[in-house]
Amino acid sequence: MRVSALFSQTLYQAPSEADVISHQLLLRAGYIRQLGAGLFSFMPLGKRSMVKIEDIIRQGMDAIGGQEMEMPVVNPAEVWKRTNRWFEIGAEMARFKDRVGRDMVLAMTHEEVITDIALHEIRSYRQLPLMVYHIQTKFRDDPRPRAGLIRVREFRMKDSYTMDRSWEGLEKQYRAHYQAYFDIFRRCCVPCIAVKSDVGMMGGKMAHEFMYLTPIGEDTLLLCQQCGFSSNRQAACFVKEMPPAEAQLPLEEVFTPDCKTIAALAEFLRVPESKTAKAVFLIATISADNRDVEKFVLAILRGDMELNETKLVNAVKAKDLRPATEEEIRAHGIEPGYGSPIGAKDILVVVDDLIPQSPNLVGGANKPGFHCLNVNYGRDFGADIIVDIAAADEGCGCPQCGAPLHLSRGVEIGNIFQLGTRYSQAMGATFLDEDGQLKPIIMGSYGIGPGRLLACVAEEHHDERGLVMPISVAPYQVYMVPVPGKQMDTLAMAEKLYQDLKAVGVEVMLDDRDERPGVKFNDADLLGIPLRLVVGERALAEGGLELRRRDGKGGWLVPPDRAVELVREQIGRMLAEIEETVQPVDYSG
RNA sequence: CGGGGCGUAGCGCAGACCGGUAGCGCGCACGGUUCGGGACCGUGAGGUCGGCGGUUCAAGUCCGCCCGCCCCGACCA
């Protein structure tokens, strides 16, 4: 590639809307351009990196027996109605009507389509197991795109789907993906950990997310340094310390002015927050018989703990959950700020499983300015559901070893789900098993977002001069800078070398622009091309060309007649360094 | 959807409080001098000041509505 002809320029200053480093650098280096909120174009440089990332993914999927295919972005709503997700998913899914007036959707994932294909294709256990994948554009109308390529609305996504006759078969394919994902991310030089996650809208049994740890991450994780346990906060359980046993004391009303928060209440009564009960009021949308019903939910947990809304959503099987307004709270006979289930009407009470073990708590009296002392579960109030709904927090006990957990932030770069039979059952994708029984196909679903991965590469590999792209995903391998000389025709020399390198398959950029050397050096650094080759009189006088690694791990003076050979050797070495990191990992199921 | 910020030349910004001929730096075009880490001099092109409406003799500036982008929250790969 001649830099003079490259479609995209480097930017001296980053546009002001970019505030995370990967966004700024990808913009400045000319890899991407923004069209709208969460909508990005990939310029030639960015596209080349994306192709490389996608090829690494292909290689990883092919290695575990995947067959690449492609499914349509536009789906008839009908298939989504069959699994009920047409009704379950909200505004996030883009819908429209075609010219005849049929409901259509822009696919945000392809479980429905693959299951529809499977139900037509798969008849016998002899056709299983199967693993297929595709890399396709998807659209999710995210309410808040942010952080450049980290969170966008339109994005490419590798999805793979497994189909098995047994749960053991699914487990095997799940584990194969687990390893393949580590291999893929290591080839892209993005460090990551696997964490247990909530199954979310996918449904299913078991799920892991692959997380790149970074403070700009949007997911909150809990990690145990003792035993290696890790979990997304949405799914994290933890060891709850049992409060000491106490005899139940008689209920007593006390005047507690201006104590609308737990902190104020604990301060006023001089009791620890763990001796109080927190009441959280929410409106859950629950769908029953294809109709949405709004249900008023009262969640009760100890004052020292926070509500984990994901756990609550799962507990009440809600499609949506939002805080209740003051009017709604009053309508159910509850006094905001002094709320309690005592005397409340027509509500669903969900109690955290620690509450029944916690005697003599301070709770609301449902009367402005009053709380009750010695509130006890069972005696003073009951529950429709008792389940863990507390959010794990910094310092909570690890569910595996009891050591304190630590909070960390991460970006999800991949996920794997054991779907089970949710989709095959809903759509009737069955096969005839060896025993003559008709059984639903047991499925798994696995995703990786290459664009987000590119952002993480940039986030992880940069310095004050710009990107430092790993050679596995860099748009080009070598950046040549001819420095005009007085005696020698360095441009002609560079031109010859450029042709020679291209001829042996080296991906090389020749900066043939009429610019000062400083400008070229700065651009070479900003683009993050792994190797830089300078053709200039100064070094030539000392016998060679300057070959330098962008990552600072080496620089050499190479004789012109050996330049091609040494460049190739260095490329091979850099690729080998990356390949060395690809190692078997322990599966932490 | 709630809270906050912003929208003026390709990019970064000033001008707005206090209405009176739209500016600066970078970039771009042309000429010249330069040429190993974002050079310098000269000349020049480039703007429906996000949109619509209102107030006014006069609106980038004041008022109203709308649109877009960013950040925090809610939500999520």
Side-chain angles (χ1 to χ4, degrees), chain A residues 8-20 23-24 27-28 30 33-39 89-93 108-109 138-159 197-202 207-212 216-220 232 234 282 309-310 313 319-323 325 410-417 445-453 455-456 464-466 481-486 490-491 511 513-526 532 534-542 546 548:
Chain A
S8 76
Q9 300 150 21
T10 53
L11 267 36
Y12 189 73
Q13 292 152 309
S16 54
E17 65 261 27
D19 68 347
V20 304
H23 190 195
Q24 290 173 1
L27 235 29
R28 283 188 55 204
R33 291 292 181 253
Q34 183 164 359
L35 181 63
L39 303 173
I89 299 173
E92 217 186 326
M93 181 155 73
M108 17 197 288
T109 173
K138 294 181 193 296
F139 184 82
R140 289 187 187 183
D141 197 356
D142 197 300
R144 188 155 94 82
R146 52 176 284 260
L149 290 186
I150 301 281
R151 204 164 135 181
V152 295
R153 295 195 294 172
E154 183 185 298
F155 54 102
R156 284 179 74 76
M157 181 101 168
K158 185 286 299 179
D159 276 322
S197 70
D198 180 64
V199 293
M201 72 164 188
M202 303 298 259
H208 281 87
E209 290 170 338
F210 291 77
M211 291 286 181
Y212 164 60
I216 65 154
E218 55 199 344
D219 283 278
T220 304
N232 192 306
Q234 291 181 333
L282 304 119
E309 290 196 17
T310 304
V313 162
K319 159 183 172 184
D320 187 47
L321 196 65
R322 62 168 173 88
T325 63
V411 172
E412 183 180 349
I413 51 179
N415 57 38
I416 56 179
F417 288 93
S445 155
Y446 318 79
I448 295 178
R452 181 178 274 191
L453 196 49
C456 292
E464 60 293 337
R465 299 189 157 280
V481 181
V483 177
K486 288 192 173 59
T490 52
L491 185 58
D511 196 342
R513 295 175 300 172
D514 182 20
E515 287 288 353
R516 296 165 61 86
V519 173
K520 300 183 183 185
F521 292 144
N522 278 303
D523 277 348
D525 288 346
L526 179 56
R532 191 184 74 186
V534 180
V535 183
E537 274 184 349
R538 201 164 83 182
L540 242 18
E542 292 166 35
E546 278 170 68
R548 194 159 97 181

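A, B, ... follow the sequence lines: proteins, then strands. Residue 1 opens every chain. Scope of the values below: all heavy atoms of this structure, side chains included, with no hydrogens, waters or symmetry mates.
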- Message: Regarding A:Val481, tell me which of base, sugar-phosphate or nothing describes its non-hydrogen contacts under 4.0 Å with the strands shown.
- Response: nothing
- Who are the salt bridge (Lys or Arg N to Asp or Glu O under 4.0 Å) partners of A:Arg28, not counting sequence neighbours? none
Check: protein-nucleotides 25-35 of chain B nitrogen or oxygen pairs below 3.5 Å:
from	atom 1	to	atom 2	distance (Å)
B:G25	N2	A:Gln13	OE1	3.2
B:U34	O2	A:Arg516	NH1	2.9

- Reckon A:Gly90 touches a base, only the sugar-phosphate, or nothing at all at heavy-atom distances under 4.0 Å? nothing
- Query: Which part of the nucleic acid does A:Arg33 contact within heavy-atom distance under 4.0 Å: base, sugar-phosphate only, or nothing?
  - Reply: nothing
- Query: Which residues satisfy the side chain to side chain donor-acceptor pair (under 3.5 Å) test with A:Lys520, sequence neighbours excluded?
  - Reply: none
- Look at the side chain of A:Gln34 and decide which nucleotide, out of B:A74, B:C69, B:G37, has an atom nearest to it. B:C69
- Query: Considering Watson-Crick and G-U wobble pairs with both distances under 3.5 Å, what does B:G37 pair with?
  - Reply: none
- Task: Identify whether any heavy atom of A:Arg513 sits under 4.0 Å from a base atom; if not, whether one sits that close to sugar-phosphate; answer base, sugar-phosphate or nothing.
- Result: nothing
- Who are the salt bridge (Lys or Arg N to Asp or Glu O under 4.0 Å) partners of A:Arg532, not counting sequence neighbours? none
- Note on the structure: Here the distance between atom C1' of B:C72 and atom CZ of A:Arg146, to the nearest Å, is 10 Å
- Partners passing salt bridge (Lys or Arg N to Asp or Glu O under 4.0 Å) against A:Arg548 (at least two apart in sequence or in another chain): none
- Query: Going through the distances and angles, do A:Ile413 and A:Met211 end up as a side chain to side chain contact (heavy atoms under 4.5 Å, CB included)?
  - Reply: CA-CA 6 Å; A:Ile413 51 179; A:Met211 291 286 181; over 6 Å; no
- Quick one: label A:Gly447 by what it contacts on the DNA or RNA (base, sugar-phosphate, nothing), any heavy atom closer than 4.0 Å. nothing
- Message: If the condition is ring-ring contact (aromatic ring centres under 6.0 Å, His included), which residues does A:Tyr446 pass it with, not counting sequence neighbours?
- Response: A:His177
Would you give me the side-chain donor-acceptor pairs under 3.5 Å for residues 9-20 of chain A, sequence neighbours excluded?
from	atom 1	to	atom 2	distance (Å)
A:Thr10	OG1	A:Asp523	OD1	2.9
A:Thr10	OG1	A:Asp523	OD2	3.4

- Item | Integer-rounded Å distance: B:C1 C1' and A:Asp141 CG | 13 Å
- Query: Base, sugar-phosphate, or nothing: which does A:Val152 touch, judged by heavy atoms less than 4.0 Å apart?
  - Reply: base
- To the nearest angstrom, how far is A:Arg151 atom CZ from B:C71 atom C1'? 13 Å
- Message: Just to verify, what does A:Asp159 make a salt bridge (Lys or Arg N to Asp or Glu O under 4.0 Å) with, not counting sequence neighbours?
- Response: A:Lys138
- Item | Separation of B:C70 P from A:Asp142 CG (nearest whole Å) | 11 Å
- Message: Just so I know, are the side chains of A:Glu537 and A:Lys486 near enough to count as touching, which here means a heavy-atom distance under 4.5 Å?
- Response: yes
- Message: If I take atom CD in residue A:Glu542 and atom C1' in nucleotide B:G36, what distance separates them, rounded to the nearest angstrom?
- Response: 12 Å
- Message: Using a 4.0 Å heavy-atom cut-off, does A:Ala539 contact any base of the nucleic acid, only the sugar-phosphate backbone, or nothing at all?
- Response: base
- Task: Assign A:Asp19 to base, sugar-phosphate, or nothing according to its heavy-atom contacts below 4.0 angstrom with the strands shown.
- Result: sugar-phosphate
Enumerate the protein-to-nucleotides 13-15 of chain B contacts in which both atoms are nitrogen or oxygen and the separation is below 3.5 Å.
from	atom 1	to	atom 2	distance (Å)
B:C13	OP2	A:Ser16	OG	3.2

- Which nucleotide, in any strand shown, forms a Watson-Crick or G-U wobble pair with B:G44, with both distances under 3.5 Å? B:C28
- So what does A:Arg156 touch, heavy atoms closer than 4.0 Å: a base, only the sugar-phosphate, or nothing? nothing
- Which part of the nucleic acid, if any, lies within reach of A:Pro482 when heavy atoms closer than 4.0 Å are counted: base, sugar-phosphate only, or nothing? nothing
